[in-house]
Protein chains: 2
Amino acid sequence: MKYVTIKDIARELLVSVSTVSRALNNDASIRKETREKIQAAAKQMGYVPNPVATNLKYGRTKTIGVIVPEMSTPYAALVIDGIQDICYHNNYKVIIASSGEDADKERESLDIMMQFMIDGIIACRCDYNKNTEFYQKIQEQHIPLVFYDRIPHNIEAPQVVVDDETKAFFLVEHLIRAGRKNIAFIGANFDTVYNSVLRHKGYRAALERYGLEYNPNIVIQTEGLNYSDGAAAVDKLRHEKTDAIFAFTDTLAIGAMNRLKSMGRNIPRDVAVAGFSGTNLCTIVSPQLTTVEPRQFEMGQRAAELIIKLINNPSLQSNEKVIIDADIIYRDSTEET
Amino acid sequence: MKYVTIKDIARELLVSVSTVSRALNNDASIRKETREKIQAAAKQMGYVPNPVATNLKYGRTKTIGVIVPEMSTPYAALVIDGIQDICYHNNYKVIIASSGEDADKERESLDIMMQFMIDGIIACRCDYNKNTEFYQKIQEQHIPLVFYDRIPHNIEAPQVVVDDETKAFFLVEHLIRAGRKNIAFIGANFDTVYNSVLRHKGYRAALERYGLEYNPNIVIQTEGLNYSDGAAAVDKLRHEKTDAIFAFTDTLAIGAMNRLKSMGRNIPRDVAVAGFSGTNLCTIVSPQLTTVEPRQFEMGQRAAELIIKLINNPSLQSNEKVIIDADIIYRDSTEET
DNA sequence: ATGTGTTTTGCAAACGTTTGAATTTTTTTG
DNA sequence: CAAAAAAATTCAAACGTTTGCAAAACACAT
């Protein structure tokens, strides 16, 4: 593909390239007539400015890299949508990589992005104890870096997150008020996903607040975050008295729910189940799943706005922390008994 | 972020930039010693080649644009994964835009990508009767263009697709053999999604082959492709005798299934349900859903390989058509009565 | 006409690479 | 030891922009 350049226009109109450049950028020093003549010609000739040339000139790529832990839930899709919404409107390209909850893959993707010289990174770490030095190196190079969703925990950085602890508290409170006494927590590994620690904290606080005993036997940490991990967690609970489950994500909740059902237990009568994520998957399972629904699209938007702000403001050393609101959606899976 | 350049290395080592350039590119005309010295210095100084400079030089962006109709199913995620797998290994950036099944949005995204001067486009059209001229314009500009999944139908272009007709035939055959006599087809609009036309063709062929009467009253074209559209289709079937449903996608199938359940109909006893897409969503609903599962990751890979081939071979005017295999996965939703 | 001031345009360098051609250095040869 | 050949290095232009500064064009007063 051969594109029309500023030079072509200059040659055509017998003016200099600088004049064309200025005219197209509406520079005040160009005579109105000339400007209009040039802009008309540009349009007519199908000129489109070559972004790589200007990027070279300005020493940037107008690209931001996004690392997500997974890409196959509507949750991820919505966040990405939000990011792209802001970025495309600000003329930034977005490149996405999924780590698949694998820290090595995450690291590898970061490496690729660094080679692309992206102007900034929006990341959702899969494991808060991994790749820390790498992210620090990125920070030292003064490449803008924003985290979202997963709490970075052991690294100071701007971030866009949900108030896990509070939301978990309210959700568990809801279960308690619905008459549940033995509420299990199916969480992600505490050494991997810090949000899990926080939701557990909220969970425990709610129990305490309502005078329910905390039973470590019904607090499970899963291997991964797939449906099968939810199911596996249920197996571990097999011999424990349980009348409700609060799962770390919708995926875990759905995995758990289906296992419970196949064991012949009725939901919500025998066991209430609640998740966290607020994807529309909650509405396609039966019974429909109660969940905490962060404003995912907005989360993406905020993260994108933040990174763009940091890119345009290299001096700004802020570690701004944006809290995204989340709604608790009550559905059949936690109906009162 | 200030990066180390070839010039910095040149200055440091008191050689010319061309020597550095050639040394780093392993040019044979550079003395071994010099080359090694330069490469060592480059590494030590943390040099990373500036892709925007080389891209400018070569008149390309090393970016390929992907247009998907939706991004919130595991289907899309897997295809994208496949695309990225190939592209990142070939040093191409991938930028993705979702049209949300809206032709205007699709067009808008294409516009943005054109402004980014991507080297090629991989697209899944949301409506084969919309934006045709626009895609033709892209072809006229000789920008490599590959379609996947949705049949482009009224435009000649390289594509990576599934044999819809045949696969639909076999799936419906399976329903018939399981004893179903009144098999409904819930398809996407025939004027919008050509695959729907083809699957309908396969559906009809299977009926014919087994001597079942074709009943147009139980062939529904939906508005959109969401769960709600599946449910709405079931409502339209309300007064028809139906003991099986073949839905155009898993999403439609799940929407239909849930509506049937809420109407008190048992699946598969009263109505068998089958979908098409092969996402893992089929396994989280109950009963688990029979479906046709195209090799999604592979589909993405093939599409990416094709586009890269075309980029590297501008002369190649091929309209290669790659057929991706698909497996029929039999699950509880279509068990024999 | 001449000079002054303003407006408009052009020159040339720069961003970080690559690469054909020219130049320098080294090696080989008679 | 000089000349020729080969090898290694450098020069300079190019990719498509932007932009400080110089130059040209014009307006107006004298």
Side-chain angles (χ1 to χ4, degrees), chain A residues 1-39 41-42 45-63 91 93 114-119 311 314, chain B residues 1-39 41-42 45-63 91 93 114-119 311 314:
Chain A
M1 174 65 205
K2 197 72 203 71
Y3 291 96
V4 175
T5 75
I6 233 177
K7 282 188 190 174
D8 299 323
I9 302 177
R11 197 178 315 115
E12 185 76 14
L13 265 45
L14 302 169
V15 294
S16 73
V17 293
S18 22
T19 304
V20 177
S21 172
R22 286 190 242 262
L24 294 175
N25 290 303
N26 289 312
D27 187 303
S29 76
I30 299 293
R31 191 156 44 107
K32 190 156 165 271
E33 289 174 48
T34 326
R35 183 175 1 111
E36 282 165 359
K37 186 181 63 180
I38 290 172
Q39 288 180 348
M45 297 171 70
Y47 169 76
V48 20
N50 185 324
V52 0
T54 58
N55 286 343
L56 175 61
K57 184 69 194 170
Y58 290 126
R60 66 184 186 203
T61 54
K62 274 277 180 179
T63 303
N91 254 286
K93 288 184 286 296
M114 298 303 278
Q115 280 170 24
F116 285 147
M117 287 191 175
I118 68 282
D119 295 340
I311 291 170
Chain B
M1 175 65 204
K2 197 74 201 76
Y3 291 96
V4 175
T5 74
I6 233 177
K7 282 188 191 175
D8 298 324
I9 302 177
R11 197 179 314 114
E12 185 76 14
L13 264 46
L14 301 171
V15 295
S16 73
V17 294
S18 22
T19 304
V20 177
S21 172
R22 286 192 236 266
L24 294 175
N25 290 302
N26 289 310
D27 188 303
S29 74
I30 299 293
R31 191 154 45 107
K32 189 157 166 271
E33 289 175 46
T34 326
R35 181 173 5 110
E36 282 165 358
K37 185 180 66 181
I38 290 173
Q39 288 179 349
M45 295 170 73
Y47 169 76
V48 21
N50 185 324
V52 358
T54 59
N55 286 344
L56 175 61
K57 184 70 194 165
Y58 289 125
R60 64 183 188 202
T61 54
K62 273 278 179 179
T63 304
N91 253 287
K93 288 186 285 296
M114 296 302 280
Q115 279 170 26
F116 286 148
M117 288 191 175
I118 67 286
D119 294 340
I311 291 170

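Convention: sequence-line order gives letters A, B, ...; per-chain numbering from 1.
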Between P on D/dC11 and CG on B/Leu14, what's the gap in Å once rounded to a whole number? 12 Å

Could you check whether B/Val52 gets within reach of a base, just the sugar-phosphate, or nothing at all, counting any heavy atom under 4.0 Å? nothing

Please check this pair: side chain of A/Asp27 against backbone of A/Ser29, looking for a donor-acceptor N/O pair closer than 3.5 Å. yes

Do you know the tightest heavy-atom contact between A/Leu13 and A/Lys37? CD2-O, 4.1 Å

Which whole-number value in Å describes the distance from B/Asn26 CG to D/dA8 C1'? 16 Å

What is the nucleic acid contact for B/Lys37, judged by heavy atoms within less than 4.0 Å: base, sugar-phosphate only, or nothing? nothing

Among C/dT9, C/dC15, D/dT9, the one nearest any side-chain atom of A/Leu56 is C/dC15

Spacing between B/Glu33 atom CD and D/dA8 atom P, to the nearest angstrom: 10 Å

Can you give me the closest heavy-atom contact between B/Asn55 and B/Lys62, atom names plus distance? OD1-CG, 3.6 Å

Grab the two heavy atoms, one from A/Ala10 and one from A/Ser16, that are nearest each other, plus how far apart they are. CB-C, 3.9 Å

Whole-Å distance separating the CG atom of B/Asp27 from the C1' atom of C/dT19: 9 Å

Which is true for A/Lys2 with a 4.0 Å heavy-atom rule: it touches a base, it touches only sugar-phosphate, or it touches nothing? sugar-phosphate

If each of B/Gly59 and B/Ser16 is mapped to the nucleotide of DNA chain D with the nearest heavy atom, which maps nearer the 5' terminus, i.e. the 5' end? B/Ser16

Are the side chains of A/Phe116 and A/Thr63 in contact, using a 4.5 Å heavy-atom criterion? no

Protein-nucleotide distance (B/Arg31, atom CZ; D/dA8, atom C1'), rounded to Å: 7 Å

Using whole Å, report how far NZ of A/Lys32 lies from C1' of C/dT9. 19 Å

One character per nucleotide, please: for nucleotides 17-25 of chain D, 5' to 3', B when the base has a protein heavy atom closer than 4.0 Å, S when only the sugar-phosphate does, - otherwise. BBBBB----

Could you check how far CG of B/Leu13 sits from C1' of D/dT10, rounded to whole Å? 15 Å

Hey, is the side chain of A/Thr34 poking within less than 4.0 Å of OP1 or OP2 on C/dT8, counting only N and O atoms? no

Rounded distance in Å - CG (A/Asn55) to C1' (C/dC15): 11 Å

Is there a side-chain contact between A/Ile9 and A/Glu12 in this structure, where contact means two heavy atoms from C-beta onward sitting under 4.5 Å apart? no

Find out whether A/Met114 and B/Val48 are in side-chain contact, i.e. whether some heavy atom of one side chain is under 4.5 Å from a heavy atom of the other. no

